[in-house]
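Read through the structure below, which is laid out as structure tokens, and then see the notes.
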Amino acid sequence: MKSDCMQTTTCQERKNDPIEMLHSGQLVKVCAPMVRYSKLAFRTLVRKYSCDLCYTPMIVAADFIRSVKARDSEFTTNQGDCPLIVQFAANDARILSDAARIVCPYANGIDINCGCPQRWALAEGYGACLINNPELVRDMVKQVRNQVENPRFSVSIKIRIHDDLTRTVDLCRKAEATGVSWITVHGRTVEERHQPVHYEAIKIIKENMSIPVIANGDIRSLKEAENVWHITGTDGVMVARGLLANPAIFAGYEETPLKCIWDWVDIALELGTPYMCFHQHLMYMMEKITSRQEKRIFNALSSTSAVLDYLTDHYG
């Protein structure tokens, strides 16, 4: 685990408490947990463009507490990386609470992934299978609450919905009763991938909750974010792929501005982002502003110097 945080300044002592933000009545704009992508450099970029709250990629809690190497590679932060939520995949209350205690000084809270539909996660008892095990979710939340002394440290969950929405509402009510700080709802079932998002389901869940709810799913512009916020009555919106394609989405840009591309270059180089990640983010960002021929050339580049030369030649 790498951190530039000073020991005397923990994340909770700094401004922008996410719990307060989500109770403000204002739209809270959230960067989703994205495996490989929502790391420190990208979080730094989207914060420059009106993103209010960022999540780390999903981290397997068992690996995190077992291996220093895993901690160093999976969790990197600095003092500007706030407010921050660390998302864990877990199926054991003690392991999750141990992981939460490690990150507590460097983050505002943790999130339990109860929505990942990938086969490997389901096979390990992580992710979306937890929506069918509310007792385990309750135990994990309680254990973190008991082990982390800071009362402002948030514990949230991110879920998908059931085919029978009453089961989802029941799950959320039980989670609220256990002390969950907020719930993020991806408005699809475990089986659904690219089908339309069930925003009405998110609205019904919100109407049954007293705690904040964040809406997630297929949001690709600030206007769409605001529409989903109004339609669902939620307290925030979370964006994943839309931010990859346009990290300036929350600032109102319809496509990635050139300044954002150069900001990414500066941030990524300063923070030592590996080339494949550096290049992949640029491929996403430039998708809408490059021709097919330009994509073929840019996507085939194999070094940082080649990318910098290309960008300088084409975009000054």
Side-chain angles (χ1 to χ4, degrees), residues 16 21 24-55 57 83 184-188 193-200 202-203 214-268 273 277-299 301 307-308 310-316:
N16 295 340
M21 290 165 58
S24 69
Q26 303 298 310
L27 170 61
V28 179
K29 302 178 287 292
V30 186
C31 174
M34 291 178 279
V35 173
R36 295 186 302 278
Y37 295 123
S38 61
K39 294 195 171 188
L40 175 61
F42 189 69
R43 298 195 300 266
T44 303
L45 178 66
V46 297
R47 291 186 196 280
K48 286 176 67 75
Y49 290 91
S50 302
C51 183
D52 300 313
L53 175 63
C54 292
Y55 281 56
T184 301
V185 183
H186 182 95
R188 291 187 176 99
R193 292 294 184 273
H194 303 293
Q195 291 88 338
V197 177
H198 303 287
Y199 294 120
E200 182 64 25
I202 301 176
K203 179 175 185 282
I214 297 173
N216 173 230
D218 274 4
I219 296 167
R220 298 184 182 274
S221 70
L222 179 59
K223 184 176 181 180
E224 287 183 9
E226 291 169 341
N227 286 343
V228 169
W229 180 50
H230 288 299
I231 290 167
T232 60
T234 50
D235 306 279
V237 295
M238 175 182 282
V239 178
R241 286 175 293 184
L243 271 175
L244 285 180
N246 177 8
I249 189 174
F250 287 141
Y253 291 92
E254 292 297 317
E255 59 186 32
T256 310
L258 290 179
K259 183 181 185 307
C260 182
I261 291 173
W262 284 110
D263 283 341
W264 168 246
V265 171
D266 292 341
I267 291 166
T273 302
C277 180
F278 168 68
H279 188 215
Q280 186 69 54
H281 274 293
L282 285 169
M283 289 163 62
Y284 279 121
M285 290 181 209
M286 296 168 63
E287 176 72 24
K288 287 186 177 179
I289 62 173
T290 51
S291 67
R292 187 175 298 178
Q293 176 65 19
E294 288 171 332
K295 286 184 183 64
R296 274 200 296 268
I297 296 170
F298 184 80
N299 294 358
L301 299 177
V307 167
L308 295 178
Y310 181 96
L311 292 175
T312 301
D313 291 344
H314 288 76
Y315 303 109

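Fair warning: this is a prediction, and the values are worked out from it, not measured in the lab.
A donor-acceptor contact shorter than 3.5 Å is absent between the side chain of N299 and the backbone of M283. The closest donor-acceptor contact from the side chain of S38 to the backbone of R43 lies at 3.5 Å or more, if one exists at all. Judged purely by atom type and a 3.5 angstrom limit, T256 uses its side chain to pair as donor or acceptor with the backbone of M285. The backbone N or O of V30 sits nowhere less than 3.5 Å from a side-chain atom of Y55 that would complete a donor-acceptor pair. In this structure, N216 contributes its side chain and M238 its backbone to a donor-acceptor pair below 3.5 Å.
Relative orientation of the H279 and F298 rings is tilted, given thresholds of 30° and 60° on the angle between their planes. The aromatic rings of H281 and F42 lie parallel to each other, with less than 30° between the two planes, well short of the 60° mark.
Separation of atoms CG (L27) and NE2 (H230) is listed at 8.0 Å; rounding is to 0.5 Å. Between the CG atom in L258 and the CG atom in D263 there is a gap of 11.0 Å [rounded to 0.5 Å]. The distance from the CG atom of L282 to the CG atom of L311 is 6.0 Å, given to the nearest 0.5 Å. For the atom pair E226 CD and K29 NZ, the distance stands at 8.0 Å (nearest 0.5 Å). Interatomic distance, CD of Q280 versus CZ of R36, reported as 8.0 Å (0.5 Å rounding). Distance OG/S221 to CD1/I249: 6.0 Å, rounded to 0.5 Å.
V228 approaches A215 most closely through the heavy-atom pair CG1-CB, 3.8 Å. Closest non-hydrogen pair, L243 versus V46, comes out as CD2-CG1, 4.0 Å. The minimum heavy-atom distance linking F250 with Y49 is given by the pair CB-O, 3.6 Å. In terms of heavy-atom proximity, C260 sits nearest to P247 at SG-CB, 3.8 Å. For P257 against N246, the heavy-atom pair with the smallest separation is CD-OD1, 4.1 Å. Taking both residues in full, the closest heavy atoms of C54 and R47 are given as CB-NH2, 3.5 Å, listed atom of the first, atom of the second, then distance.
Residues N16 and D52 form no side-chain contact, since every pair of their non-hydrogen atoms from C-beta on lies 4.5 Å or further apart. Two residues are said to be in side-chain contact when any heavy atoms from C-beta on lie closer than 4.5 Å; Y253 and K259 fail this criterion. Side-chain contact between T312 and W262: present, with at least one pair of heavy atoms (C-beta onward) separated by less than 4.5 Å. You'll find the side chain of L244 reaches within 4.5 Å of the side chain of Y37, heavy atoms only. Within the 4.5 Å cutoff, side-chain heavy atoms of P83 are placed close to those of M21.
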- side-chain contact (heavy atoms from CB on, under 4.5 Å) between I267 and F278: does it pass, once the steps are laid out? CA-CA 10 Å; I267 291 166; F278 168 68; over 6 Å; no
- Residues T232, V185; criterion side-chain contact (heavy atoms from CB on, under 4.5 Å); working and verdict: CA-CA 11 Å; T232 60; V185 183; over 6 Å; no
- Task: Show your reasoning for whether side-chain contact (heavy atoms from CB on, under 4.5 Å) applies to V307 and Y310.
- Result: CA-CA 5 Å; V307 167; Y310 181 96; 5.7 Å; no
- Message: Would R241 and R220 count as a side-chain contact (heavy atoms from CB on, under 4.5 Å) here? Give the steps.
- Response: CA-CA 8 Å; R241 286 175 293 184; R220 298 184 182 274; 3.9 Å; yes
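Each of K295, E294, Q293 was scored for a side-chain contact (heavy atoms from CB on, under 4.5 Å) with I297, with one residue passing: Q293. The only option from D235, I219, V237 that meets the side-chain contact (heavy atoms from CB on, under 4.5 Å) definition with W229 turns out to be V237. In summary, of the residues considered (Q195, R188, H194), a side chain to side chain donor-acceptor pair (under 3.5 Å) with D218 occurs for R188 alone.
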